[in-house]
Undergrad: 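Please read through the structure below; I'll follow up with questions.
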There are 2 protein chains.
Amino acid sequence: MDNLLNYIRSLTTFSDESWELLQSALTNKEFKKADFLLQEGEICNSLFYINKGFGKSQYEIDGTIKNTGFFFENEIATNINSFGSGLPSEYNIVACEPMETIVFDKNQLFHLAKQSREIETLGRNCIRLFASKQEELSKIHQLYNTQERYEYIEKTYPQFLQRVSLSQLASFLGVTRETLSRIRKKRIS
Amino acid sequence: MDNLLNYIRSLTTFSDESWELLQSALTNKEFKKADFLLQEGEICNSLFYINKGFGKSQYEIDGTIKNTGFFFENEIATNINSFGSGLPSEYNIVACEPMETIVFDKNQLFHLAKQSREIETLGRNCIRLFASKQEELSKIHQLYNTQERYEYIEKTYPQFLQRVSLSQLASFLGVTRETLSRIRKKRIS
DNA sequence: TTGATTTTGTGACAAATGTCTCAGCTTATT
DNA sequence: AATAAGCTGAGACATTTGTCACAAAATCAA
């Protein structure tokens, strides 16, 4: 749990009392590789703080899977749209490795937010982090070509290259695996 | 101001008292075409509710301008990253037409949020809307090719095609204006 | 209106990417 | 170890997109 408390305190001031209070909204949950944290069609009622392992969000369109995001240790995975609006999720969140997570229950969290301003502020900051991340993602697509996108990821999120397979990364970058393979080849020589 | 109140109440429950309280954070501001609502390097301390006209966000890289978003009537324009983090903006927000806006002052807003839970909730919902919009933007780049992106915009945001020029739209879609021109030609025949 | 500026459409060609295919290499499972 | 399954690298070819050039159309300012 210490990781989570550090994470929270990197976002906002958070008293020991708030931390105590927050416990009632938290449960530990483990996932095996390829397990679903969230399935398409479900309503997202959780935030998943990741203690170990990593996962990805993926759309399934006409049988083919497209990865739209990866979530690593010390980050929160969720479908912010579904979580906020109560509408069904359009995509899956899947464990790429065995994962250990701490689950925030939405109803409990909203209940606590009414009692504790620090918890409400925490929620707002989590959402803002998500908004920033999404903005960054759309930015790299609008501003950069494929090679520049790859270099941006290489520089900004080196763990992507270490932990994510070529095929998965290609899907994330919005190109075929062959194209990504060519880019790598070009950069070696 | 009625437009704004309706907008707010479409997001969250908002009492007349909260509305009264909110007034102290609001000012009217007009922009001429090509005026900056926010300039690169500035810290964003405002939310701009748009009563009339529309604007765009644009990065300037090596002298060329790339549009990353458009903001129309009854929406809020801001740099959510800079607004939330206090870091300088990496891009401009520019008026594409003469604009009439209602400006939320950040400091006043934060001050009021401490007094009124409804105002704090409003802020959280605004951020969530932004996160959703950004998620949608990155989604259409990762899932769709150029023609599909164009068709998605055509279907989902028809006012884009009516009000935004081809060159601006091409930049937004992440292709050259020639490519967008070809797609339009293909679709007519 | 006139003239200047910007925007758009188009063609030719080059470059990038997608599609299809196959072979070699890991990894997982038994 | 043996097998199966998935992942990667590579080539050939088709398609898409970018780049450059120029003309037509639309917009703007005097």
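Remember, it's a predicted structure, so these values are computed and weren't measured experimentally. Each chain gets a letter, A, B and so on, in the order its sequence line appears, and its residues count up from 1.
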Undergrad: Could you tell me the separation between the CD1 atom of A:Ile65 and the P atom of D:dC7, rounded to a whole number of Å?
TA: 10 Å

Undergrad: If you pin A:Ser181 and B:Arg177 to their nearest nucleotides in DNA chain D, which one's is more 5'?
TA: A:Ser181

Undergrad: Figure out the CG/P separation between B:Leu180 and D:dT16, and round it to whole Å.
TA: 15 Å

Undergrad: Can you pull every protein N or O that's under 3.5 Å from an N or O on nucleotides 11-13 of chain D?
TA:
{"from": "D:dG11", "atom 1": "OP2", "to": "A:Lys185", "atom 2": "NZ", "distance (Å)": "3.3"}
{"from": "D:dA12", "atom 1": "N6", "to": "A:Arg182", "atom 2": "NH2", "distance (Å)": "3.2"}

Undergrad: Give the first and the last nucleotide of DNA chain C, reading 5' to 3', that has any atom under 4.0 Å from a heavy atom of chain B.
TA: C:dT8 to C:dA12

Undergrad: Where do A:Lys66 and B:Gln142 land on the side-chain contact (heavy atoms from CB on, under 4.5 Å) test, with the steps shown first?
TA: CA-CA 8 Å; A:Lys66 305 221 182 182; B:Gln142 286 171 313; over 6 Å; no

Undergrad: Is there a donor in the side chain of A:Tyr59 and an acceptor in the side chain of A:Asn67, or the other way round, less than 3.5 Å apart?
TA: no

Undergrad: Counting N and O atoms only, with roles assigned by atom type, does the side chain of A:Ser132 sit under 3.5 Å from a partner on the main chain of A:Arg128, one being a donor and the other an acceptor?
TA: yes

Undergrad: Measure the distance from NZ on B:Lys186 to C1' on D:dT16 and round it to the nearest whole Å.
TA: 8 Å

Undergrad: Any side-chain to backbone donor/acceptor pair from B:Ser82 onto B:Leu87? Under 3.5 Å, distance only.
TA: yes

Undergrad: Of the non-hydrogen atoms in B:Arg124 and A:Ile127, which two are nearest, and what is the gap between them?
TA: CG-CD1, 3.6 Å

Undergrad: Are side-chain heavy atoms of A:Glu73 and A:Asn3 found at a separation under 4.5 Å?
TA: no

Undergrad: With a 4.5 Å heavy-atom cut-off, do B:Thr13 and B:Glu118 have their side chains touching?
TA: yes

Undergrad: Quick one: do the B:Ser138 and A:Gln134 side chains pair a donor with an acceptor below 3.5 Å?
TA: yes

Undergrad: Mind listing the residues from residues 159-175 of chain A sitting with a heavy atom below 4.0 Å of DNA chain D? Number order is fine.
TA: A:Ser165, A:Leu166, A:Ser167

Undergrad: Taking side chain as C-beta onward, heavy atoms only, is A:Arg117 less than 4.5 Å from B:Arg117?
TA: yes

Undergrad: Please answer whether the main-chain N or O of A:Phe48 pairs with a side-chain N or O of A:Thr101 as donor and acceptor at a distance below 3.5 Å.
TA: no

Undergrad: Axis-to-axis angle across the helix from C:dT1-D:dA30 to C:dT30-D:dA1, five pairs an end, to 10 degrees?
TA: 60°

Undergrad: Checking ring pair (Phe, Tyr, Trp, His ring centres under 6.0 Å) against A:Tyr7, which of A:Phe104, A:Tyr49, A:Phe14, A:Trp19 comes through?
TA: A:Tyr49

Undergrad: Is the distance between the ring centroids of A:Phe72 and A:Phe160 less than 6.0 Å?
TA: yes

Undergrad: What is the per-nucleotide protein-contact pattern of nucleotides 24-30 of chain D, from the 5' end, where B denotes a base atom under 4.0 Å from a protein heavy atom, S denotes such proximity for sugar-phosphate atoms only, and - denotes neither?
TA: -------

Undergrad: Can you see which heavy atom on A:Lys133 is nearest to which on A:Phe71, and at what distance?
TA: NZ-CD2, 3.9 Å

Undergrad: Closest approach of B:Thr68 and B:Phe172, non-hydrogen atoms and distance?
TA: O-CE1, 3.4 Å

Undergrad: Given a cutoff of under 4.5 Å between side-chain heavy atoms of I, L, V, M, F, W and Y, with clusters grown through shared members, what are the other residues clustered with A:Val94?
TA: A:Phe36

